[in-house]
Amino acid sequence: MLSLFSTLILGLTLCMYGLSSGSSVSNGSPWPMPMSFTQTDEVVVMSGAEEFRFIAAGDTCNILEAAFKRYRNIIFYGTPESSNWQKKSTKNDHLGKLLASSTLQNVAVTIKKCEDNEYPSLESDESYSLAVGDANSSIIANTIWGGLSGLETFSQLTYYNNDGMLVINKTTIQDSPRFSHRGLLVDTSRHFIKVPILLQNLDAMAYNKLNVFHWHIVDMQAFPYESINFPSLSETGAYSPSHVYTQEDVALVIEYARLRGIRVMPEFDTPGHTFNSWGSIKDLLTPCYSGDKPDGTFGPVNPTLNSTYDFLKSFMQEITSVFPDHYIHLGGDEVNFKCWQSNPQITDFMKAQGFGSDYSKLEEYYEQKLLDIMSDLNSGYAVWQEVIDNNVKVKNDTIVEVWLPKWQNEFAKVTSKGYRTLLTSTFYLNRVASPYGQDWKGYYGVDPQDFNGTDAQKKLVIGGEVCMWGEFVDGTNLIPRLWPRASAVSERLWSPQSVTSLDDAKIRIAEHRCRMVRRGLQVQPITGPGFCRVEF
Ligand SMILES: *[C@@H]1O[C@H](CO)[C@@H](O)[C@H](O)[C@H]1NC(C)=O
Ligand SMILES: *[C@@H]1O[C@H](CO)[C@@H](O)[C@H](O)[C@H]1NC(C)=O
Ligand SMILES: *[C@@H]1O[C@H](CO)[C@@H](O)[C@H](O)[C@H]1NC(C)=O
Ligand SMILES: *[C@@H]1O[C@H](CO)[C@@H](O)[C@H](O)[C@H]1NC(C)=O
Ligand SMILES: *[C@@H]1O[C@H](CO)[C@@H](O)[C@H](O)[C@H]1NC(C)=O
């Protein structure tokens, strides 16, 4: 009878298949690799979709119930929405009934505490443990965020064997991320990206356990954020009236992210990167002079006027109430001093303040006032590295994001001053330097703690971010250009420092790529020739 032999035979078939095919793609291997992972070659057949259940064995909440539904669909039908993408993979409906006694039918999910008004944060406990046994399997976590990580991992352990049956190996996992800030920057200023694509990208982030969507929402080229208090910003700053994110759009993105354990950290980059999309705010930008006359162009925000801070106070008050995350990214990169230098009113101000000709003092004056505004609003903040490079003294809880080359020297410097830091220099995925080849290996090989510093300094490294700047990227290529190249970074930021084998990563990232394809994402091949069981 089928029921007696099936598990044994399955094991054998898979083994032989693995040998004969040269094993260029793993089967049911998780990405990113958990902290501790033990898998046996004992295979359990998944029950049919109808019989299968996740059971809330501890606290429950809507976030968890929604995730149960999503992952049940992902496991059995491929996509989270249970579309007709892969309906035929319900083959196990038949097997589930035949093999009722030896199939995996229930997964008990025990969450200590889960509340529906929770948001993930930098301090969230994302740990979980997972055990796949014969009939009973379990996921245990302190928080809903750990529970979501566990569900994602569980879904990745299931795979179709050579006979087209959905199976899972017996597995034990203890997991917790190496870094707590695992971000991905998307630039929606240089090109506008529609909300559905942003949501798709959040799905991909959840499949890779990236937990911060750094939304570089505006920049000098366009201001698509539709402000409540200052509607003129997008009215004159967006590419067109339809190239905007309304308050409803923003709320939708934040909620979609939250349900997947992802924080949304918006960036409103000042004082540079503002000309001319912020230009509708009267007197905000510095008029640049040629000789003794304004030349019609504008430079960075004018730090000398009280009206500047009145505006920032009101604007940031809105931003901190619209975006629930504790951290707002304040930019601060590439401040061009030339325009400030040309402006006589600013020269007078410098004199009165005793700044001499040191324009970084003026920058510091601006940043200090902005950070004070943020502190009064009870908000945390991140800035780009130039703020520190220009010797601006900032508050000790500032997060400094490093993007320029020679990041190791910068990390040594920034952490010696006691600031927490994030690495992006090595993760600029918008740069496609060698399109014909496996550039993911370069991202994979970076260790963010590989710099000269004390243990205390290394602890100040809280993670990193993939950057996808938008000069040459819009909705047509965001997803394929990012994935699965960004997966290489996601494993680097989640998995233990010792997980470095490229050979092992290669067969797992190939499977993970196919997994994302099956889930409906248009993600490109990156390990060379091969095939997916389900092609796009
Ligand atoms: C899972 O089980 C199959 C079949 O026995 C085996 O070939 C494979 O190596 C196992 N996977 C792992 C990671 O142990
Ligand atoms: C299955 O249940 C038994 C009895 O409660 C328990 O000892 C065992 O650890 C469980 N196995 C798994 C994988 O959860
Ligand atoms: C700007 O504000 C400061 C401090 O509140 C005040 O002393 C100063 O007079 C103000 N300047 C102008 C031009 O209003
Ligand atoms: C900042 O300084 C305060 C007071 O000295 C200290 O309690 C806090 O831990 C520091 N924060 C960081 C991130 O270093
Ligand atoms: C650390 O310092 C040593 C000795 O000064 C130097 O040789 C090495 O290149 C440095 N390593 C890094 C990663 O900067």
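Every number for a ligand or one of its atoms is a count from 1 in the order of the listing. Note that the numbering runs from 1 along the sequence shown for the chain.
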Considering the heavy atoms of Asn169, write down every atom of ligand 1 situated less than 4.0 Å from one of them.
-> 1 (C), 2 (O), 3 (C), 8 (C), 10 (C), 11 (N), 12 (C), 14 (O)

Please check atom 2 (O) of ligand 5 for a protein heavy-atom neighbour under 4.0 Å.
-> yes

Verify the distance criterion only: is there a donor paired with an acceptor across the side chains of Asn343 and Tyr289 at less than 3.5 Å?
-> no

Passing candidate, side-chain hydrogen bond (donor to acceptor under 3.5 Å, both in side chains) with Glu152, options Tyr207, Trp31, Tyr71 | Tyr71

At what distance is the nearest protein heavy atom to atom 9 (O) of ligand 5, and which residue and atom is it?
-> Asn452 ND2, 4.8 Å

Under 3.5 Å, side chain of Lys458 to main-chain N/O of Asp450, donor-acceptor pair present?
-> no

Between the CD1 atom in Ile509 and the OG atom in Ser26, the distance rounded to the nearest 0.5 Å is 10.5 Å

Atom 7 (O) of ligand 3 touched by protein (heavy atom, under 4.0 Å) | no

Approximate separation, where rounding is to 0.5 Å, of Thr304 OG1 and Ile346 CD1 | 5.0 Å

Could you establish whether Tyr159 and ligand 1 come within less than 4.0 Å of each other, counting only heavy atoms on the residue side?
-> yes

Hey, which atoms in ligand 1 end up nearer than 4.0 Å to a heavy atom of Asp41?
-> 1 (C), 2 (O), 4 (C), 5 (O), 6 (C), 10 (C)

Considering the heavy atoms of Thr40, write down every atom of ligand 1 situated less than 4.0 Å from one of them.
-> 1 (C), 10 (C), 14 (O)

How far is atom 4 (C) of ligand 3 from its nearest protein heavy atom, and which residue and atom name does that atom have?
-> Asn306 ND2, 4.6 Å

Closest contact, heavy atoms only, Lys209 versus Ser149 = CE-O, 3.5 Å

Under 4.0 Å from atom 11 (N) of ligand 3, do we find at least one protein heavy atom?
-> yes

Identify the protein heavy atom lying closest to atom 13 (C) of ligand 5, giving its residue, its atom name and the separation to 0.1 Å.
-> Gln408 NE2, 3.6 Å

Can the ring centres of Tyr366 and Trp340 be said to be less than 6.0 Å apart?
-> no

For the student: nearest non-hydrogen atoms of Leu104 and Gly133, plus distance = CD1-O, 4.3 Å

Answer with side chain, backbone, both or neither: which part of Asn27 has a heavy atom less than 4.0 angstrom from an atom of ligand 1?
-> neither

